[in-house]
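Below is one structure; the comments refer to it alone.
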Amino acid sequence: MLIVLISVFALLGPVAAQDSAADPRASTGGAQTLEDILARQAGQAMDDSFRSDAIGDPARAAPMTDQLGTLGGVSDSELWRALRYGKADITTQSRGPAAKTLIQDGGMWWLEFRQGPLLTYGSYLLGGTLLLLALFYLIRGRIRIDGEKTGRKIERFKAFERFGHWLLASSFLVLGLTGLISLFGRKVMIPTFGHDAFSTIAIGSKWVHNNISWAFIVALVIIFVVWVVHNLPDRTDLNWLAKGGGIFSKGHPPAKKFNAGQKLVFWSVIILGGSISLTGLSLLFPFDLQLFGPTFAKLNAIGAPGWFGMADLSATLSPQEEMQFAQLWHAIVSLVLIAIVFAHIYIGSVGMEGAFDAMGSGQVEEQWAREHHSLWVDEVTTQKPATSTKEA
């Protein structure tokens, strides 16, 4: 009998091993294994249908009158899994898109990215930009007007153009400051001012941010309408870029009303600012604008993820995931645009002599205009002579 038993177990051993190999969770009774837990914590792609499908089946459950029967045929753990994977039968009086999402399983990656890489690399970007501009100023100094000043002025921007520019600039500065408070406030301001003071500042910043955003959108439309025709690329831009705009050397290449550098800033503001505005509207009116799910579906359709060796993007997003992507995109693009605006502010103020007058009074020194925008000056002077303000 002992020999028979040993023989039977010897024959059943390989079968059990094969079943375990075919189903890695056979030894746990279908529950997750250590490998499953580690893979999920590492953010690796995995098939968790063994959990998402284990939400109970009332039709197959033991009667509630039996000793092992469950209320409604679903155990507590199965109910929580159904809620977690959005498969529970939920009824609510609210008709909002996210009303039936009681547990949002995909939120931790957003929180970790927002509190980690977004803050870290955002600080590097803004701090590094300011440091580079300071070093450039120490090495290059202020870009002076090379020739002798004539005392004659040329109108560079009309009052409406300056209004659009300053409306955009002032609203963006306020939005940037309040946005940075919302993004970095917990890390920077709470240790300095405490929770109560930060709460007051954060609530005020949010209110200002939400309302000033409309001025930014209006200004964005204004500057696009009045300046787009002057910012279309042409062949003179290639020469300007090849010579670095004269920033690193003496002399300035010919340019029209806007040189290549200004055109790059213009299109950066229009494209990035437009993207910020769109995601901002999505955040102001949550769950109404579905931006990322449809975009991911279109990218998958043309095979864009495969160009970078990636799998298809998930195009089926919960309302909360849409908001998380919108918030991250809003913050990332805003940080990039703030860095660009830092450089623009530098050139338009301390970095270049005579540049601020263009947006200050709208009148620029003729010699400055000839050095930086000679082709535009030729156009203007053939149409209207310069106004003389030189003292006798």
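All values below come from the heavy atoms of this structure, side chains included, with hydrogens, waters and symmetry mates left out. All values derive from a computational prediction rather than experimental measurement.
Using a 4.5 Å heavy-atom threshold, the side chains of D312 and F296 count as separate. Considering only heavy atoms from C-beta on, V265 stays 4.5 Å or farther from V341 through its side chain. Proximity of F198 to F193: side-chain heavy atoms (C-beta onward) are nowhere separated by under 4.5 Å. Contact annotation: the side chain of I271 never approaches that of S268 to less than 4.5 Å [non-hydrogen atoms, C-beta and beyond]. F163 has its side chain within reach of I222: a pair of non-hydrogen atoms, C-beta onward, lies under 4.5 Å apart. I340 places none of its side-chain heavy atoms less than 4.5 Å from the side chain of T129.
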| task | Run the numbers on Q327 and R114 for side chain to side chain contact (heavy atoms under 4.5 Å, CB included), then give the verdict. | result | CA-CA 9 Å; Q327 189 274 331; R114 186 186 185 280; 3.5 Å; yes
| Test log, rule side chain to side chain contact (heavy atoms under 4.5 Å, CB included), inputs L119 and K187 | CA-CA 9 Å; L119 297 185; K187 291 283 187 180; 3.6 Å; yes
| request: Could you walk me through whether D237 and N259 pass side chain to side chain contact (heavy atoms under 4.5 Å, CB included), step by step? | output: CA-CA 7 Å; D237 298 330; N259 58 43; 5.8 Å; no
| said: Determine whether S282 and E322 satisfy the following criterion, side chain to side chain contact (heavy atoms under 4.5 Å, CB included), listing intermediate values before the conclusion. | reply: CA-CA 9 Å; S282 176; E322 279 282 349; 5.8 Å; no
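In this pair, F136 and Y346 present their aromatic rings perpendicular. The plane angle is above 60°, beyond the 30 to 60° band. Classified by interplanar angle (parallel below 30°, tilted 30° to 60°, perpendicular above 60°), the ring pair F325/W109 is tilted. Using the six-membered ring where Trp is involved, H252 and H372 have ring planes that are tilted, between 30° and 60° apart. A tilted orientation is assigned to the rings of W227 and F157, their planes being inclined by 30° to 60°.
Checking L175, T178, V174, L283 one by one against S213, the side-chain contact (heavy atoms from CB on, under 4.5 Å) holds for a single residue, L175.
With hydrophobic clusters built from ILVMFWY side chains whose heavy atoms lie under 4.5 angstrom apart, L138 does not share a cluster with L133. Tracing side-chain contacts under 4.5 Å through hydrophobic residues (I, L, V, M, F, W, Y), one never reaches L126 starting from L132; they form parts of separate clusters. A continuous path of ILVMFWY side-chain contacts below 4.5 Å connects I347 to L173, so both sit in one hydrophobic cluster. When hydrophobic clusters are built by joining Ile, Leu, Val, Met, Phe, Trp and Tyr residues whose side-chain heavy atoms come closer than 4.5 Å, directly or via intermediates, I212 is not grouped with I203. One hydrophobic cluster holds both V380 and F160 under the rule that ILVMFWY side chains link at heavy-atom gaps under 4.5 Å.
Listed for the E371 side chain is a donor-acceptor partner under 3.5 Å among the backbone atoms of G147. Using modelled atom types, one side-chain atom of S205 and one backbone atom of I201 make a donor-acceptor pair closer than 3.5 Å. A donor-acceptor pair under 3.5 Å is formed between the side chain of R142 and the backbone N or O of V350. Not a single donor-acceptor pair under 3.5 Å links the side chain of E161 to the backbone N or O of V226.
In plain terms, the two heavy atoms of W376 and A369 that are nearest each other are CZ3-CB, 4.0 Å. The minimum heavy-atom distance linking D357 with Q363 is given by the pair CB-O, 3.3 Å. Counting all heavy atoms, side chain and backbone alike, G164 lies closest to A219 at O-CB, 3.8 Å. L220 approaches G274 most closely through the heavy-atom pair CD2-N, 3.6 Å. Taking all atoms of both residues into account, the shortest heavy-atom contact from T316 to E321 is O-OE1, 4.2 Å. The two atoms that bring R370 and D378 nearest to each other are NH1-OD1, 3.9 Å, heavy atoms only.
Around atom CZ of R235, no more than 12 heavy atoms belonging to other residues, nucleotides or ligands sit under 6.0 Å away. For K263, the NZ atom counts as densely surrounded, since its 6.0 Å shell holds more than 12 non-hydrogen atoms of other residues, nucleotides or ligands. More than 12 heavy atoms of other shown residues, nucleotides or ligands fall within 6.0 angstrom of atom CZ in F184. The environment of W267 atom CH2 is dense: over 12 non-hydrogen atoms of other residues, nucleotides or ligands sit within 6.0 angstrom. Counting heavy atoms of neighbouring residues, nucleotides and ligands inside a 6.0 Å radius, atom CZ of F113 exceeds 12 of them. More than 12 heavy atoms of other residues, nucleotides or ligands sit less than 6.0 Å from atom CG of N211.
Aromatic ring centres of H373 and W368 lie closer together than 6.0 Å. Aromatic pair W240/F258: ring centres not closer than 6.0 Å.
In this structure, CD1 on I154 lies 4.5 Å from CD on E366, to the nearest 0.5 angstrom. Note that CG of L337 is 5.5 Å distant from CG of L272, once rounded to the nearest 0.5 Å. For the atom pair CD of E353 and CG of D146, the computed distance is 9.5 Å after rounding to the nearest 0.5 Å. Separating the OG atom in S123 from the CG atom in L335 is a distance of 8.5 Å, to the nearest 0.5 Å. Separation of atoms CG (L125) and CD1 (I338) is listed at 9.0 Å; rounding is to 0.5 Å. Atom CZ of residue R162 and atom CE of residue M359 lie 8.0 Å apart, to the nearest 0.5 angstrom.
Judged by distance alone, the side chains of Q324 and Q320 never bring a donor and an acceptor atom under 3.5 Å apart.
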